[in-house]
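Ligands are counted one by one from 1 in listed order, and the atoms in each one are counted from 1 as well.
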Amino acid sequence: MAASTHTVTNQAPPLAGYDVFTSDLALAEAVERHLAPELLAEVREELGLLGRATGSTQVREWGEQANDDPPRLRTHDRYGRRIDEVEFHPAWHRLLGRSVSAGLTDAWGRPGGHVRRAAGFLVASQAEAGHGCPVSMTHAAVPALRAEPELAAVWEPAALSHVYERELRPVAEKPGVLLGMAMTEKQGGSDVRANMTEARPLAADGEYVLTGHKWFCSAPMSDAFLVLAQAPAGLTCFLVPRVLADGSRNAFALQRLKDKLGNRSNASAEVEFDGTTWAHRVGEEGRGIRTIMGMVAATRLDCVLGSAALMRQAVAQAVHHASYRSAFGGLLVDKPLMRNVLADLAIESEAATVLGMRLAAAYDAGTPEELALLRIAVPAAKYWVTKRCTPLVAEALECLGGNGYVEESGMPRLLRESPLNSLWEGSGNVQALDVVRALRTEPAALDALLREVGAARGADHRLDRAIRGLLVELADLEGIEARARRLTERLALVLQGALLVRWAPPEVADAFCAARLGGDGGAAFGTLPHTLDLRAVVERARAEV
Ligand SMILES: Cc1cc2nc3c(=O)[nH]c(=O)nc-3n(C[C@H](O)[C@H](O)[C@H](O)COP(=O)(O)OP(=O)(O)OC[C@H]3O[C@@H](n4cnc5c(N)ncnc54)[C@H](O)[C@@H]3O)c2cc1C
């Protein structure tokens, strides 16, 4: 008889069957803080429903399936006609349907819309990040569309709709649509002024045909795209639908899908416009960058929220594992050094969540002061939060030991996803340079930021010193381009510190100020001063099972 050696002991149970929203105290508190009291009961219920579904075994499985069986390009139908469609695993459609029906494309114009949507996006992305791309772009396209009121009247209600319908049909026949964006070309992504796609005006006002090629176009099965192209008066924004009003297909040739590091559930295509591709102008000719920036600013905030989601999920998994796994005679979570690592990860995750939710609330407020804050704080947050995501996820993966390196743990998928938010929608340098642009051209933006951090002045001496240091940096703009990352990092850290000092429990704010602002922490995670209340920080980050 073979010896029975396969006894499973000392392995953590899966983190499943929990409420991803309610168990995230930093997020739940942010929702309470930023929403009007009369909305709270309804939103708590809505997010709790989404949180329980997201934490369920079933939705987790959908996330795995959608990534294990990635999308396939179908250029032609069985009769040889071009269709340019993408075939997805059914789990992808379920994930998308769930997020759309939860209102994650519906923020503009409903009370507290941005805060409730941001919280929902942060929750839903924890089960699967890839489907967040079309959700985010559909939400973000609305302000750009509004530059052309007649188009917005048709497309906006369908974008805000809570109905997901995957078939490509004319917008008039669809209860809900998805929208995407195609700016990047082979010769230039960050520098979109280098776009070569040409737009030739037709006789009808606002109508054009496009000729050109887009090098990255994600979620290409969406119903329409905001596209930049060179019109007679310069770079212009256009809406390019996949299906025309008469039901025929617009020329939108998907040349191939990218084979990507992560984000594998989502398709990213190369697209050709063949000279007959019909487009409608959005906004004035020659004002394309300004028009599409309304969309880009909103997707940039979603990069912050998406990274906050990856971080939160990684921390929840790490704390969970360490709470069940024993080594050297005790639970990992009780080992002082592991506690330090987990606490350090937890404060980073909380800082990301608090900042992302604060910026969502600024969208809801919509006052000139809050919009000025967004102008500088969104690129700063996009730069810093997304940059912190990969090291955090890598460290959280290590907390699971060898199990963390194995696909079944879900950690490799989080890690592969983690660099993306820093790259797309403007990579790191582009964000830092945008912060500098805001400093140079929009004095109200810096005023708004200083007002925001000023609200926490006097509460922590390390924060106060960091604010003074920032002011010194800002006083001299000599060599500012080369200093842009350094300045942006400081700005983001001071902002995060100020928000935590005002709103987080003292142990979290204390640890953050010591390590991130006071210089009492190292480059790697797990280097917080040992005298802090690290146990309380870790307990707060625990996801209930
Ligand atoms: C998975 C994925 C999906 C995508 N989906 C879409 C999509 O749906 N639609 C779309 O339009 N695009 C999409 N993109 C493209 C993405 O937005 C671009 O790749 C990104 O903006 C960078 O542009 P680029 O690749 O041309 O790199 P470049 O612009 O060549 O940049 C290369 C590097 O140079 C740096 N750099 C650029 N300018 C400066 C400067 N002045 N000073 C210092 N450094 C600088 C950048 O920060 C970057 O690190 C996607 C990309 C990926 C990876």
Side-chain angles (χ1 to χ4, degrees), residues 67 70-71 86 129-141 144 178-197 210 212-229 235 237-240 242 252 254-273 288-289 291-293 295-300 302-303 306-307 379 382-384 386-387 390 413 416-437 440 479-488:
N67 282 274
V86 182
H131 83 284
C133 169
V135 169
S136 175
M137 289 197 291
T138 304
H139 150 70
L178 293 179
L179 301 172
M181 154 185 9
M183 298 194 290
T184 308
E185 298 186 3
K186 290 195 270 311
Q187 72 284 356
S190 310
D191 188 3
V192 289
R193 290 167 307 177
N195 270 198
M196 288 159 60
T197 297
L210 304 187
H213 186 278
K214 293 291 174 180
W215 187 230
F216 277 94
C217 175
S218 290
M221 70 296 158
S222 300
D223 295 278
F225 295 81
L226 289 179
V227 172
L228 285 183
L235 201 57
C237 182
F238 295 93
L239 184 82
V240 179
R242 290 296 313 271
F252 195 94
L254 303 184
Q255 304 289 42
R256 59 175 177 158
L257 300 185
K258 305 283 194 187
D259 184 6
K260 297 176 287 186
L261 166 68
N263 197 253
R264 296 186 71 83
S265 64
N266 183 25
S268 300
E270 295 166 19
V271 182
E272 191 179 71
F273 307 133
I289 295 180
T291 304
I292 212 162
M293 279 317 284
M295 177 171 190
V296 172
T299 54
R300 284 179 178 172
D302 273 8
C303 290
S307 292
K382 157 85 160 86
Y383 172 77
W384 184 239
T386 64
K387 279 271 172 274
T390 302
R413 175 146 62 89
R416 283 194 299 272
E417 190 73 27
S418 64
L420 184 54
N421 283 320
S422 174
L423 209 175
W424 61 9
E425 305 306 325
S427 46
N429 288 354
V430 170
Q431 299 310 303
L433 292 172
D434 195 35
V435 167
V436 168
R437 193 172 307 115
R440 277 190 169 136
I480 191 70
E481 197 165 319
R483 286 165 48 211
R485 276 189 179 225
R486 177 188 158 102
L487 183 69
T488 303

Peer 1: Kindly indicate whether the side chain of R300, heavy atoms from C-beta on, has any atom under 4.5 Å from the side chain of D434.
Peer 2: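 Yes, side chains in contact.
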Peer 1: Report yes if S427 has an N/O atom closer than 3.5 Å to an N/O atom of ligand 1; otherwise report no.
Peer 2: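 Checking ligand 1 against S427, an N or O pair does fall under 3.5 Å apart.
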Peer 1: If we count only non-hydrogen protein atoms and require a distance under 4.0 Å, does atom 25 (O) of ligand 1 qualify as touching the protein?
Peer 2: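 So far as the 4.0 Å threshold goes, atom 25 (O) of ligand 1 is out of reach of every protein heavy atom.
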Peer 1: Search all heavy atoms of L423 against all heavy atoms of K382 and return the closest pair with its distance.
Peer 2: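 The answer is N-NZ, 4.3 Å.
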Peer 1: Hey, does G188 come in under 3.5 Å of ligand 1, counting only N/O atoms on both sides?
Peer 2: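 No, G188 has no N/O under 3.5 Å of an N/O on ligand 1.
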Peer 1: What residue and heavy atom of the protein are closest to atom 22 (C) of ligand 1, and at what distance?
Peer 2: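 Ranked first by proximity to atom 22 (C) of ligand 1 is S190 OG, 3.9 Å.
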Peer 1: Are any of the side-chain heavy atoms of I292 and M183 separated by less than 4.5 Å?
Peer 2: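 Yes. Closest side-chain heavy atoms under 4.5 Å.
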Peer 1: Does atom 34 (O) of ligand 1 have a protein heavy-atom neighbour under 4.0 Å away?
Peer 2: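 Given the 4.0 Å cut-off, atom 34 (O) of ligand 1 does not count as touching protein heavy atoms.
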Peer 1: What protein heavy atom sits nearest atom 2 (C) of ligand 1, and how far off is it?
Peer 2: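 Going by distance alone, atom 2 (C) of ligand 1 is nearest to W424 CE3, 3.6 Å.
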Peer 1: Sequence neighbours excluded, which residues qualify as salt bridge (Lys or Arg N to Asp or Glu O under 4.0 Å) partners of R485?
Peer 2: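 Testing R485 for salt bridge (Lys or Arg N to Asp or Glu O under 4.0 Å), a comparison that skips the adjacent residues, returns none.
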Peer 1: Measure the distance from atom 51 (C) of ligand 1 to every protein heavy atom, then report the residue, atom name and distance (to 0.1 Å) of the closest one.
Peer 2: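 Here the nearest protein heavy atom works out to F216 CD2, 3.4 Å.
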Peer 1: Counting non-hydrogen protein atoms only, what is the nearest one to atom 5 (N) of ligand 1? Give residue, atom name and distance.
Peer 2: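 Ranked first by proximity to atom 5 (N) of ligand 1 is S218 OG, 2.8 Å.
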Peer 1: Would you mind telling me if ligand 1 is within reach of the side chain of A219, the backbone, both or neither, using heavy atoms under 4.0 Å?
Peer 2: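 Neither part.
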Peer 1: Test E270 against R256 for salt bridge (charged side-chain N to carboxylate O under 4.0 Å, His left out), laying out the working first.
Peer 2: CA-CA 6 Å; E270 295 166 19; R256 59 175 177 158; 2.9 Å; yes
Peer 1: Please check atom 7 (C) of ligand 1 for a protein heavy-atom neighbour under 4.0 Å.
Peer 2: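 Looking at atom 7 (C) of ligand 1, one finds that a protein heavy atom does lie closer than 4.0 Å.
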Peer 1: Identify, for atom 43 (C) of ligand 1, the protein heavy atom at the shortest distance, and state residue, atom and that distance.
Peer 2: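 Scanning the protein heavy atoms, the shortest distance from atom 43 (C) of ligand 1 goes to N429 ND2, 3.4 Å.
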Peer 1: Would the distance check show the side chain of S422 and the main-chain N or O of P419 forming a donor-acceptor pair, the cut-off being under 3.5 Å?
Peer 2: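 No, because the side chain of S422 does not come within donor-acceptor range (under 3.5 Å) of the backbone of P419.
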Peer 1: Got an N/O contact under 3.5 Å between S268 and ligand 1?
Peer 2: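 No - when backbone and side-chain N and O of S268 are compared with those of ligand 1, no distance drops under 3.5 Å.
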Peer 1: For the residue pair N266 / K258, report whether a side-chain donor-acceptor contact shorter than 3.5 Å exists.
Peer 2: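 N266 and K258 do not have a side-chain donor-acceptor pair below 3.5 Å.
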Peer 1: If the cut-off is 4.0 Å to any non-hydrogen atom of E425, which atoms of ligand 1 fall inside it?
Peer 2: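 Near E425, meaning under 4.0 Å from one of its heavy atoms, ligand 1 has 17 (O).
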Peer 1: For ligand 1, which part of C217 has a heavy atom less than 4.0 Å away: the side chain, the backbone, both, or neither?
Peer 2: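 Just the backbone.
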Peer 1: Could you establish whether L420 and ligand 1 come within less than 4.0 Å of each other, counting only heavy atoms on the residue side?
Peer 2: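 A heavy atom of L420 does come that close to ligand 1.
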Peer 1: Have a look at S307 and tell me which of T386, T390, N421 forms a side chain to side chain donor-acceptor pair (under 3.5 Å) with it.
Peer 2: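 Checked T386, T390, N421 against S307; only one passes side chain to side chain donor-acceptor pair (under 3.5 Å): N421.
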Peer 1: For atom 19 (O) of ligand 1, which protein heavy atom lies nearest, and how many Å away is it?
Peer 2: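 So the nearest neighbour among protein heavy atoms is L423 CD2, 4.0 Å.
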Peer 1: Please check whether M183 reaches ligand 1 - meaning an N/O of the residue sits under 3.5 Å from an N/O of the ligand, judged on distance alone.
Peer 2: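 N/O-N/O distance below 3.5 Å exists for this pair.
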Peer 1: Relative to atom 16 (C) of ligand 1, which among L433, T184, I292 owns the nearest non-hydrogen atom?
Peer 2: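 Minimum heavy-atom distance to atom 16 (C) of ligand 1 goes to T184.
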Peer 1: Near A182, which atoms of ligand 1 are under 4.0 Å from a heavy atom of that residue?
Peer 2: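 Near A182, the atoms of ligand 1 are 11 (O).
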Peer 1: Would a distance-only check, ignoring hydrogens and angles, find a side-chain to backbone donor-acceptor pair under 3.5 Å from N263 to E417?
Peer 2: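 Pair absent, no side-chain N/O of N263 close to backbone of E417.
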Peer 1: Which atom names give the shortest non-hydrogen contact between C303 and E425, and what distance separates them?
Peer 2: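 Smallest heavy-atom distance, with atoms named: SG-CG, 3.9 Å.
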Peer 1: Mind checking whether G180 has a heavy atom under 4.0 Å from ligand 1?
Peer 2: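 Contact absent.
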Peer 1: May I ask you to check if ligand 1 and K260 share an N or O to N or O distance below 3.5 Å?
Peer 2: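 Among all N and O atoms of K260, none is under 3.5 Å from an N or O of ligand 1.
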Peer 1: Looking at atom 10 (C) of ligand 1, would you say a protein heavy atom lies below 4.0 Å from it?
Peer 2: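 It does: a protein heavy atom is found less than 4.0 Å away from atom 10 (C) of ligand 1.
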Peer 1: Under 3.5 Å, side chain of E481 to main-chain N/O of L433, donor-acceptor pair present?
Peer 2: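 No, because the side chain of E481 does not come within donor-acceptor range (under 3.5 Å) of the backbone of L433.
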Peer 1: Donor-acceptor pair, K214 side chain versus C217 backbone, under 3.5 Å?
Peer 2: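 Checked: no pair found.
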Peer 1: Are any of the side-chain heavy atoms of T197 and F273 separated by less than 4.5 Å?
Peer 2: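 With C-beta onward as the side chain, the pair touches.
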